[in-house]
Novice: 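Structure provided below as structure tokens; questions to follow.
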Amino acid sequence: MPALEGRRALVTGAAAGIGAATVARFRAEGAEVFGVDAAPGYGGIVADVTDPGQIAGAIESAGELDVCVANAGVSLMEPFLEGGLHSWRRVLEVNLLGVMTTFQAAARAMPRGGRLLATASIAGIRGERNAAAYCAGKAGVVALVKTLAIELASLDITVNAVAPGQIATAMNRRDLELAAERAGRPADELLREHLAGRVPAGRLGDPEEVAAVFAFLASSDARFITGEVIRVDGGELAG
């Protein structure tokens, strides 16, 4: 029997990248999946995670949940001394407060317990140049997951995160191109140098490889795992 047969799941940031891959993997594992995204023209549930009313409405329309993946996120490449409150607020509203509001509404829709899962990042575990707001937001997700794992355990809700490294998504490609522009170098050359010097696996990860970890954490095999942040980074933080 598929690992998620009979489970009802909701995934935010579902229009592309890791979110789309997670929706596809969950469906392949037998789950009924509700995708949520703010992108215009998205074919699933359209909602903005920065609006608590919208995300609560999206979860209400899905009904009782067994699994929620708070994946919606934005990136920001900006030198700290050039940044301002406007850009910081946008990143934190989506990447941290968006996870909080999604988890809060989803937990209320799990009367029999369930799984809360978030997309963190290795940037929330270490610092990265020109990414102070992004790193701070993802570090907040790591702390939130650990705290909620303790607080929600009595409700039979486990809380975990996946921390991707260099994954082949459109968002990561845009960040790479911006970094290359600032460095005055070709993007592919910069990427090859990064992979060779910092990623033992020597390649970008696939969104499907992140989705596979979410599928495991949503399965019954992970019922005693909570408060964990699992890195999917090709060994980047191992050394």
Side-chain angles (χ1 to χ4, degrees), residues 1-37 39 42-47 49 55-73 98-121 141-142 144-146 148-149 152-164 167-169 205-233:
M1 185 174 72
L4 302 181
E5 186 74 41
R7 302 203 179 187
R8 184 185 292 253
L10 182 139
V11 179
T12 67
I18 291 169
T22 301
V23 169
R25 179 59 183 259
F26 278 25
R27 286 177 176 157
E29 295 287 355
E32 180 182 7
V33 187
F34 298 86
V36 178
D37 204 284
Y42 176 61
I45 300 172
V46 177
V49 298
I55 193 61
I59 290 172
E60 183 179 359
S61 69
E64 292 184 0
L65 296 176
D66 301 296
V67 183
C68 176
V69 181
N71 168 72
V99 174
M100 183 278 287
T101 54
T102 300
F103 274 2
Q104 194 171 67
R108 290 168 177 159
M110 295 176 170
R112 298 178 303 278
R115 309 291 170 82
L116 297 178
L117 306 172
T119 300
S121 171
V141 170
V142 170
L144 179 65
V145 161
K146 293 178 179 295
L148 296 185
L152 301 181
S154 62
L155 302 177
D156 196 25
I157 295 175
T158 62
V159 189
N160 294 290
V162 177
I167 308 299
T169 65
D206 295 322
E208 291 77 13
E209 291 174 302
V210 181
V213 180
F214 276 131
F216 165 69
L217 291 171
S219 75
S220 59
D221 288 338
R223 59 189 176 274
F224 200 57
I225 298 173
T226 194
E228 285 297 322
V229 180
I230 299 178
R231 303 195 309 267
V232 182
D233 67 352

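Keep in mind that what you see is a predicted model, and the values were worked out from it rather than measured. Every heavy atom of this structure was used, including side-chain atoms; hydrogens, water molecules and symmetry mates were not.
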Novice: So do the side chains of Asn160 and Ile230 get within less than 4.5 Å of each other, counting heavy atoms only?
Specialist: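 With C-beta onward as the side chain, the pair stays apart.
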Novice: Where do Pro2 and Gly30 come nearest, in terms of heavy atoms and distance?
Specialist: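 For Pro2 and Gly30, the tightest heavy-atom pair comes out as CB-N, 3.9 Å.
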Novice: Drop me the distance from Glu208's CD to Ile167's CD1, to the nearest 0.5 angstrom.
Specialist: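 Going from the CD atom of Glu208 to the CD1 atom of Ile167 covers 10.0 Å.
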Novice: Compare every heavy atom of Val23 with every heavy atom of Gly35, then report the nearest pair and how far apart it is.
Specialist: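 Closest approach of Gly35 to Val23: CA-CG2, 4.5 Å.
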Novice: Might you point out which heavy atoms bring Val229 and Ala163 nearest each other, and give the distance in Å?
Specialist: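 Distance-wise, the nearest heavy atoms are CG1-CB, 3.8 Å.
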Novice: Which heavy-atom pair separates Phe26 from Ala9 by the least distance, and what is that distance?
Specialist: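 Taking every non-hydrogen atom into account, CD2-CB, 3.7 Å.
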Novice: Check for a donor-acceptor pair, side chain of Asp37 on one end and backbone N or O of Ala14 on the other, with a separation under 3.5 Å.
Specialist: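 Here the side-chain-to-backbone pair exists.
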Novice: When the side chains of residues 211-222 are checked against the rest of the protein, which donor-acceptor pairs come out under 3.5 Å, sequence neighbours left out?
Specialist:
residue : atom : partner : partner atom : Å
Ser219  : OG   : Phe216  : O            : 2.7
Ser219  : OG   : Asp221  : N            : 3.3

Novice: May I have the list of side-chain donor-acceptor pairs in residues 103-114 shorter than 3.5 Å, sequence neighbours left out?
Specialist:
residue : atom : partner : partner atom : Å
Arg112  : NH1  : Glu64   : OE1          : 2.5
Arg112  : NH2  : Glu64   : OE1          : 3.4

Novice: Which distance, rounded to the nearest 0.5 Å, do you find between the CD of Glu32 and the CG of Leu65?
Specialist: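 Between Glu32 CD and Leu65 CG, I get 9.5 Å after rounding to 0.5 Å.
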Novice: What is the minimum heavy-atom distance between Ala120 and Ala161, and which atoms define it?
Specialist: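 Scanning both residues completely, I find the closest heavy atoms to be CB-CB, 4.1 Å.
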Novice: Say you draw a straight line from OG1 of Thr169 to CG of Asp206; how long is it, rounded to the nearest 0.5 Å?
Specialist: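 Answer rounded to 0.5 Å: 11.0 Å.
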Novice: Of all the heavy-atom pairs spanning Thr226 and Val159, show the shortest one and how long it is.
Specialist: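 Reported closest heavy-atom pair: OG1-N, 2.9 Å.
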Novice: Could you check Thr158, Leu152, Val145, Val99 and say which one makes a side chain to side chain contact (heavy atoms under 4.5 Å, CB included) with Leu116?
Specialist: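 Only one of Thr158, Leu152, Val145, Val99 forms a side chain to side chain contact (heavy atoms under 4.5 Å, CB included) with Leu116, namely Leu152.
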Novice: Nearest 0.5 Å please: distance from the CD1 atom of Ile59 over to the OG1 atom of Thr101.
Specialist: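 Result: 8.0 Å between the selected atoms.
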Novice: Give a yes or no on whether the backbone of Gly13 and the side-chain of Asn71 come within a donor-acceptor separation of less than 3.5 Å.
Specialist: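 Checking the backbone N and O of Gly13 against the side chain of Asn71, a donor-acceptor pair under 3.5 Å is found.
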